[in-house]
Protein chains: 2
Amino acid sequence: MDRELLLLGVLRQQGMHGYQVHEFIDQYLASCTDLKKPTAYFLLDKLAKAGWITAEQVQEGHRPPRRVYRLTEQGEAAYQRLLRENLAAYVPAYFISDIGVAFLDDVPGDEARARLAQRRAALAAELETAQAAPVHPGSLQWLVEHRARHLQAELDWLDEILKRLAGRAA
Amino acid sequence: MDRELLLLGVLRQQGMHGYQVHEFIDQYLASCTDLKKPTAYFLLDKLAKAGWITAEQVQEGHRPPRRVYRLTEQGEAAYQRLLRENLAAYVPAYFISDIGVAFLDDVPGDEARARLAQRRAALAAELETAQAAPVHPGSLQWLVEHRARHLQAELDWLDEILKRLAGRAA
DNA sequence: TGCTGATTAGTCAATATTGACTAAGGAGCC
DNA sequence: GGCTCCTTAGTCAATATTGACTAATCAGCA
């Protein structure tokens, strides 16, 4: 239900059409989710069917009509409930993209170090862009900090592994 | 391709049937992914269709036959390639389940603190079980450490937020 | 032996996700 | 105007994921 909470929270601040919702999340909440455009539309449809948001058709020129979504009263209630549930519960995140480390022994030490060094560089670059990115005012910025902390933890871990690999090769 | 790499890496060490693969990952790689049983079977089918693994039908009693999967030569080549790609690339992880923090302002300070305290407790419990869990020898244990670091980062961040909320309410 | 509940093994229909597409509008330029 | 390229806006078929199910075997025990 986290995606649903996200969309409700965004639409609650301001009515938006699908593309706008996607853009907003892509800009300010990229650390939380990589919500693809078709998924955004899919979820908006779902929320509309659940009666949590309504769509107002807006015709402009020869385009297909845009639907501007807004929370309904039930949507507001659902938002309040989901938000509270979310704050109270811890749900683990997964790190499948680090799986290669489980199989490090299958790569010669030199090559392993070289490849991990590449990874480290990409990660460090990500950390820098994350810290340079534009920040939306309010508690949204706490999420940016959140991301930075995780990236830093990942960086420290990588360094530790590189150190161990160096020790092992000697 | 990370899931595929994971399955190849597991099957490479030892031929297994679907249920066994799922069990193994569930036990030793729970920090990397929550691979559901049907997804495991789906991926095994896909790998078999790609010619990366072969299925040996094994009949036992009146059960439906179990298929024991093993890497083919192409599977071994794919494994080597995917592993190297994986080590060199950094792919960001997302934290959608922390989205509630973006909307903290919508909950009265007292309640927010109470709910987040619940979350903190769950997280701390998770960290403890993670550190007490059985460890598979070899570089797999580095992933356990990885998880611990991220959990710790999350814990520190939560504490920081709780502190700020306390300051704000005063 | 017969019963009950847990474990092993796998499937399937419903739901969710995504890459690749269409198509209008606008900006820059000749 | 006519051309090209970029941005905005949305759709759709193919692919992936999951909750809920079936069904055999096994373990304990009266």
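Below, chain A is the first sequence line, B the second, and so on; all start at residue 1.
- With rounding to whole Å, A/Leu47 atom CG is found 11 Å from C/dA16 atom P.
- Dashed line: the shortest gap from a side-chain N or O of A/Tyr41 to OP1 or OP2 of D/dG10 is under 4.0 Å.
- To the nearest angstrom, P of D/dT17 lies 12 Å from NZ of A/Lys36.
- Side-chain atoms of B/Pro38 lie closest to D/dA20 of the nucleotides C/dA9, D/dA20, C/dT17.
- Residues B/His150 and A/Phe95 place their aromatic rings such that the two centres sit under 6.0 Å apart.
- Considering only side-chain N and O atoms, B/Arg66 lies nowhere under 4.0 angstrom from the phosphate OP1 or OP2 of D/dT25.
- Rounding to whole angstrom units, CG of residue A/Leu43 and P of D/dT11 are separated by 14 Å.
- Inspection of the B/Gln80 and B/Glu76 side chains reveals an N or O donor paired with an N or O acceptor under 3.5 Å.
- In this structure, B/Val107 and A/Arg84 have side chains that are in contact, with non-hydrogen atoms separated by less than 4.5 Å.
- One can place CD of A/Glu23 at 8 Å from P of D/dA9, the figure rounded to the nearest angstrom.
- Shortest non-hydrogen contact noted between A/Pro92 and B/Arg147 is CB-NH2, 3.5 Å.
- A/Tyr19 has its OH atom 14 Å from the P atom of D/dC6, to the nearest Å.
- For B/Thr39 and D/dA16, the shortest distance from a side-chain N or O to OP1 or OP2 is not below 4.0 Å.
- Ion pairing between a basic and an acidic side chain is recognised when a charged N comes within 4.0 Å of a carboxylate O; B/Asp106 and A/Arg12 show such pairing.
- The phosphate of D/dG10 has OP1 or OP2 within less than 4.0 Å of a side-chain N or O from A/His17.
- The separation between A/Leu35 atom CG and C/dG19 atom P is 12 Å, rounded to whole Å.
- For the pair B/His22 NE2 and C/dT11 C1', the computed distance is 14 Å after rounding to whole Å.
- What separates CZ of B/Phe24 from P of C/dA9 is a distance of 16 Å, to the nearest Å.
- B/Lys37 comes within contact range of at least one nucleobase, with a heavy-atom separation under 4.0 Å.
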